[in-house]
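Please read the structure below before turning to the comments.
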Number of protein chains: 2
Amino acid sequence: MAEEELNIGVLLFIPYRAMENRVFAALADAGYADFTVAQARVVQRIGPNGTRLTELAEQAQITKQTAGFLVDQLEKAGYVQRVPDPTDGRARLVRIAERGATAAALANRVAADIEAEWTEHLGAQHMRQLRRALTRLREITDPYQ
Amino acid sequence: MAEEELNIGVLLFIPYRAMENRVFAALADAGYADFTVAQARVVQRIGPNGTRLTELAEQAQITKQTAGFLVDQLEKAGYVQRVPDPTDGRARLVRIAERGATAAALANRVAADIEAEWTEHLGAQHMRQLRRALTRLREITDPYQ
DNA sequence: ACTAGTTAATCAGCCTCTCTGACTATCGTC
DNA sequence: GACGATAGTCAGAGAGGCTGATTAACTAGT
């Protein structure tokens with residue numbers, strides 16, 4: 001569908017997918033092959049002092065069970081740790097482990113490189129406008145702030 | 001990660017996901033509940049005269065097997081038909097069926113409504129700039145033109 | 001005309017991610 | 001203390017994706 005003009009949703013998806021693919025390819029090349037998109041969506045929500053499973057699940061918009069499943073894998077692979085929450089005996093905090101922090105740093109570096117390429121192609125001003133428009137769009141499309 | 005400024009990939013993903021969710025909710029409400037995201041990504045690539053399975057798979061970036069599985073479901077549900085390709089005895093063309101065309105029309109209408117809301121929020125000029133930037137980004141991020 | 005290679009599609013089996021439903025342990029409140 | 005809410009886990013199921021192997025049909029190179 002859409003003969004002349006592509007749906008704006010598709011237009012958003014194309015560069016998103018391109019970035020995702022390149023970041024994961026770079027991680028795989030660097031020896032982090034056991035890292036998946038689903039895991040990444042959880043890891044990104046972990047705060048500096050650790051975050052509870054339930055909160056991760058809410059923010060990633062998945063069930064607690066699914067979040068638990070993904071955190072199990074991340075823990076086995078050494079990307080995160082689970083530590084008891086001192087303020088609540090039922091809860092545990094999921095924290096980024098060293099391997100996770102290294103991988104995240106690499107991912108951020110690659111993402112920044114790609115953004116730089118995009119800026120090269122669009123020009124700095126249009127890139128700034130793009131970022132601004134997307135940030136404003138977030139006001140009406142992001143359930144989490 | 002990203003304390004002050006969100007990664008551009010995430011910024012692209014948030015509105016994309018919001019649109020997708022709303023379109024599928026509208027389709028489900030209208031009686032097209034048996035229609036999934038994975039199926040939609042295939043259906044969107046079907047051309048006016050029908051498209052081969054292999055080509056659909058390539059463009060949707062999935063394997064032929066997966067594409068075949070999804071087209072099976074779409075065919076059972078009445079959204080598409082498979083007809084022999086007159087130019088190649090091995091191949092068959094996947095075509096949109098009537099139920100598929102009706103659903104697609106509804107989906108496009110809902111997507112246009114959402115885009116109108118976004119235009120309302122951003123202003124017409126910024127929306128035009130957004131569309132333009134994304135279209136130009138497509139030049140370097142879309143493997144299929 | 002035959003062989004070899006390519007392409008279109010399918011079959012079989014497996015893995016990952018996601019869900020629902022049911023359960024245990026702990027917390028907070030009245 | 002009793003009760004409802006909350007944090008997390010266990011069990012089972014389904015969707016959507018993969019690799020590998022196979023069949024059928026087209027295309028080229030002798």
Side-chain angles (χ1 to χ4, degrees), chain A residues 13 17 20-21 24-25 27-28 32-47 49-77 79-95, chain B residues 13 17 20-21 24-25 27-28 32-47 49-77 79-95:
Chain A
F13 184 69
R17 185 62 175 274
E20 189 178 81
N21 286 343
F24 277 89
L27 284 170
Y32 303 104
D34 58 341
F35 192 67
T36 69
V37 176
Q39 289 171 10
R41 292 204 184 122
V42 171
V43 167
Q44 280 190 321
R45 308 289 185 156
I46 300 175
N49 303 315
T51 303
R52 291 187 190 174
L53 188 69
T54 300
E55 204 179 329
L56 291 177
E58 266 177 33
Q59 290 188 20
Q61 300 184 65
I62 54 179
T63 59
K64 288 188 292 178
Q65 293 91 322
T66 300
F69 173 77
L70 294 169
V71 169
D72 280 349
Q73 295 181 318
L74 287 164
E75 196 173 23
K76 265 179 216 142
Y79 292 111
V80 305
Q81 299 170 319
R82 276 193 254 227
V83 297
D85 184 337
T87 70
D88 190 330
R90 294 165 301 179
R92 290 194 284 169
L93 295 174
V94 180
R95 281 225 191 104
Chain B
F13 183 69
R17 186 62 176 271
E20 187 178 83
N21 285 343
F24 277 88
L27 284 170
Y32 303 103
D34 57 341
F35 193 67
T36 68
V37 176
Q39 289 170 9
R41 292 203 184 125
V42 171
V43 168
Q44 280 190 321
R45 309 289 183 155
I46 301 176
N49 303 317
T51 303
R52 290 186 191 175
L53 189 67
T54 300
E55 204 180 329
L56 291 177
E58 268 177 30
Q59 291 187 18
Q61 299 184 62
I62 55 179
T63 59
K64 288 188 291 179
Q65 293 90 322
T66 300
F69 173 77
L70 294 169
V71 169
D72 280 350
Q73 296 180 320
L74 286 164
E75 197 173 22
K76 265 179 216 143
Y79 291 112
V80 306
Q81 298 170 320
R82 277 194 254 226
V83 298
D85 185 338
T87 71
D88 191 330
R90 295 166 300 178
R92 289 195 283 168
L93 295 173
V94 180
R95 281 226 192 103

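Scope of the values below: all heavy atoms of this structure, side chains included, with no hydrogens, waters or symmetry mates. Order of the sequence lines sets the chain letters (A, B, ...), proteins ahead of strands, with each chain counted from 1.
- Under the salt bridge (Lys or Arg N to Asp or Glu O under 4.0 Å) criterion, A/Asp85 pairs with A/Arg52, sequence neighbours left out.
- The neighbour count for B/Arg17 CZ, taken as heavy atoms of other residues, nucleotides or ligands under 6.0 Å away, does not exceed 12.
- The interatomic distance linking A/Leu70 (CG) with C/dT16 (C1') rounds to 9 Å, in whole Å.
- Residue A/Leu56 contributes atom CG, which lies 16 Å from atom C1' of D/dT6 at whole-angstrom precision.
- Rounded to an integer number of Å, the gap from CZ of A/Arg41 to P of C/dC17 is 11 Å.
- Here B/Gln73 lies in heavy-atom contact (under 4.0 Å) with sugar-phosphate atoms only.
- Evaluation of the ring pair (Phe, Tyr, Trp, His ring centres under 6.0 Å) rule for B/Phe13 yields A/Tyr16 as partners, not counting sequence neighbours.
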Q.
As a quick check of understanding, evaluate salt bridge (Lys or Arg N to Asp or Glu O under 4.0 Å) for A/Arg41 and A/Glu20, giving each step before the final call.
A. CA-CA 11 Å; A/Arg41 292 204 184 122; A/Glu20 189 178 81; 3.7 Å; yes

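- Taking side-chain N and O atoms only, A/Thr63 has no distance below 4.0 Å to OP1 or OP2 of C/dT18.
- Taking the side-chain hydrogen bond (donor to acceptor under 3.5 Å, both in side chains) definition, one finds that B/Asp34 meets it with B/Tyr79, B/Arg99, sequence neighbours left out.
- In this structure, B/Ala25 has no side chain to side chain contact (heavy atoms under 4.5 Å, CB included) partners at least two apart in sequence or on a different chain.
- Residue B/Thr36 places at least one side-chain N or O under 4.0 Å from the OP1 or OP2 atom of D/dG16.
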Quick one: side chains of residues 64-73 of chain B, donor-acceptor pairs under 3.5 Å with protein atoms, not counting sequence neighbours, listed by atom name and distance.
unit_1	atom_1	unit_2	atom_2	d
B/Thr66	OG1	B/Thr63	OG1	3.0
B/Asp72	OD1	B/Arg82	NH2	2.2
B/Gln73	OE1	B/Gln39	NE2	3.1

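- Across the protein-nucleic acid pair, A/Ile62 atom CD1 and D/dG8 atom C1' stand 14 Å apart, rounded to whole Å.
- OP1 or OP2 of D/dC18 has at least one side-chain nitrogen or oxygen of B/Thr66 nearer than 4.0 Å.
- The nearest whole Å value for the distance from the CZ atom in A/Phe69 to the P atom in C/dC19 is 12 Å.
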Contact string for nucleotides 8-15 of chain C, one letter per nucleotide 5' to 3', B = base within protein heavy-atom range under 4.0 Å, S = sugar-phosphate only, - = neither, reads BBBB----

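- When each of A/Thr87 and A/Val37 is assigned the nucleotide of DNA chain C with its nearest heavy atom, A/Val37 is the one assigned upstream, toward the 5' end.
- Following rounding to the nearest Å, A/Phe35 (CZ) and C/dT16 (P) show an atom-to-atom distance of 15 Å.
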